There are 2 protein chains.
Amino acid sequence: MDRSGDAVDVRVQRSKAAVLAKTYELLTSGGIGGVSIDEVSRRSGVAKTTIYRHWPSRAALLVEACSTIGTAPPVPDTGSFGADLAALTEELAEQLRSARWAAVLPSIVDAAEREPELAGLHADLHARLMAPFGAVTERARARGELAADREPADVTAAIAGPLFYRRWFSREPLDAAFVQRVVEDALGQLSVRPHSP
Amino acid sequence: MDRSGDAVDVRVQRSKAAVLAKTYELLTSGGIGGVSIDEVSRRSGVAKTTIYRHWPSRAALLVEACSTIGTAPPVPDTGSFGADLAALTEELAEQLRSARWAAVLPSIVDAAEREPELAGLHADLHARLMAPFGAVTERARARGELAADREPADVTAAIAGPLFYRRWFSREPLDAAFVQRVVEDALGQLSVRPHSP
């Protein structure tokens with residue numbers, strides 16, 4: 001009895017893994033719009049009724065498949081706000097140039113505009129990707145390096161804003177000189193200046 | 001002969017207009033992913049073969065339908081870079097809060113990631129929306145108000161970057177105080193400072 005129960009469990013786990021893998025594959029090749037339960041079923045060989053037994057909706061399946069997209073970079077700890085911010089920004093630029101999530105995110109942003117369930121997915125992914133900026137900025141604030149009238153959210157907007165703008169909107173190259181200017185501009189406006197009283 | 005030719009022309013114009021109107025309607029309600037020739041044909045009552053006679057592809061139809069999306073704001077001319085930039089940025093923020101193109105653009109950005117024909121559409125739309133910033137910045141440069149080592153593209157990234165970031169990525173409100181900080185930060189870094197030598 002136990003043995004056949006185990007065998008069923010293994011089969012269930014295997015088909016869930018196949019469904020998630022094919023969902024992820026469709027997502028990274030065609031964006032969220034490219035994922036349908038029909039297509040996932042066809043490619044994974046798992047029946048639609050079985051898919052719906054594990055995930056009540058396409059959105060639920062997408063939420064689980066997306067939970068592995070976009071790993072936040074580790075939080076640097078160089079001892080200074082400027083060096084931490086430069087390291088994080090360079091890593092973000094590198095991910096925007098080459099990571100798979102960078103090609104998928106616009107489809108998630110679009111889905112968030114019209115599907116409330118997917119707006120939650122977007123919010124989670126965004127929070128995960130931006131968390132290291134919050135950590136570095138809070139530490140800088142504790143050390144008195146952040147200008148008193150500034151919020152951590154201003155730092156993320158000043159850094160991620162111009163980078164995202166170039167990657168997805170103006171589609172100009174994210175070269176090292178641009179990335180450096182973005183960091184210097186953000187620090188120039190948001191950090192306590194060395195020559196401040 | 002002429003009369004019946006005119007009648008045919010009128011009919012052709014009428015069905016083209018119906019197709020474009022329904023394409024635009026689908027586009028603004030469901031994004032680019034919501035537009036299919038099947039659905040446009042069903043809603044407009046124009047046969048698919050007729051649609052394909054006027055537009056060889058879905059992309060060609062989308063390009064024409066999108067040509068009316070997103071009207072650039074008029075170029076302000078207050079006499080100073082700071083006031084021009086503030087006026088344009090406030091107008092952009094207002095459009096991001098309420099204009100239809102703001103809900104559609106992410107789907108166009110997503111399409112541009114994977115369909116070369118639609119990347120052209122995206123580039124045209126983006127250039128149209130950002131043109132006033134270029135005009136204002138070039139005028140500021142001619143008057144010596146732009147820092148010598150700065151490019152007009154840095155100004156657009158510094159303004160549109162944080163605004164777009166808030167609208168589509170962090171989904172925080174684009175309140176007046178934030179918009180004002182973005183303008184002040186951009187001017188602080190990119191314009192020639194009053195106290196410069």
Side-chain angles (χ1 to χ4, degrees), chain A residues 28-35 102-115 119-120 122-123 125-127 129-130 133 147 149-151 153-174 177-179 181-182 184-190, chain B residues 28-35 102-115 119 122-123 125-127 129-130 133-134 147 149-151 153-174 177-179 181-182 184-190:
Chain A
T28 51
S29 65
I32 257 186
V35 179
V104 177
L105 194 62
S107 75
I108 299 180
V109 168
D110 175 47
E113 285 291 321
R114 48 196 106 251
E115 297 177 56
H122 172 265
L125 176 57
H126 182 262
L129 291 169
M130 290 298 124
F133 285 93
D149 57 343
R150 292 309 191 128
E151 293 299 320
D154 287 347
V155 176
T156 346
I159 296 283
L163 265 57
F164 286 11
Y165 175 78
R166 276 228 181 183
R167 171 64 182 82
W168 290 301
F169 297 91
S170 74
R171 297 168 71 93
E172 295 159 279
L174 278 170
F178 176 77
V179 172
R181 286 201 301 280
V182 167
E184 284 169 4
D185 286 351
L187 288 170
Q189 292 304 130
L190 304 172
Chain B
T28 51
S29 65
I32 258 188
V35 179
V104 178
L105 193 62
S107 75
I108 299 179
V109 167
D110 176 46
E113 286 290 321
R114 48 197 107 252
E115 296 178 56
H122 172 264
L125 177 57
H126 181 262
L129 290 168
M130 290 298 124
F133 286 93
D149 57 343
R150 293 307 191 130
E151 295 298 320
D154 287 347
V155 176
T156 346
I159 295 284
L163 265 57
F164 286 12
Y165 175 79
R166 278 231 180 181
R167 172 63 182 81
W168 290 301
F169 297 91
S170 74
R171 299 169 69 94
E172 294 159 280
L174 279 169
F178 176 78
V179 171
R181 286 201 301 281
V182 167
E184 284 170 4
D185 286 350
L187 288 171
Q189 292 303 131
L190 304 171

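Please read these numbers as outputs of a predicted model, since none were measured by experiment.
- Annotation for B/D185 and A/Q189: closest pair OD1-NE2, 3.1 Å, computed over non-hydrogen atoms.
- Looking at A/E151, neither its backbone nor its side chain comes within 4.5 Å of chain B, counting heavy atoms on both sides.
- Neither the backbone nor the side chain of B/L125 has a heavy atom closer than 4.5 Å to any heavy atom of chain A.
- Proximity to chain B involves both the backbone and the side chain of A/A112, based on heavy atoms less than 4.5 angstrom apart.
- Of the two parts of A/L105, only the side chain, counted from C-beta on, holds a non-hydrogen atom closer than 4.5 Å to a non-hydrogen atom of chain B.
- With chain B as the partner, the residue from A/A153, A/G30, A/A127 showing the most heavy-atom pairs under 4.5 Å is A/G30.
- What you find for A/V109 and B/P106 is that their closest heavy atoms are CG1-CB, 3.8 Å.
- Interface summary for chain A: among B/E172, B/R167, B/E184, the most heavy-atom pairs under 4.5 angstrom belong to B/R167.
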Could you list the donor-acceptor pairs under 3.5 angstrom formed by side chains in residues 155-166 of chain B, with sequence neighbours left out?
residue, atom, partner, partner atom, Å
B/T156, OG1, B/P152, O, 3.1
B/Y165, OH, A/H126, NE2, 3.0
B/R166, NH1, B/P173, O, 2.8

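- Note on B/R150, B/R114, B/H122, B/R171: by heavy-atom pairs under 4.5 Å with chain A, the leading option is B/R114.
- Relative ring orientation between B/W168 and A/F169 is described as parallel, the plane-to-plane angle staying below 30° on a 0-90° scale split at 30° and 60°.
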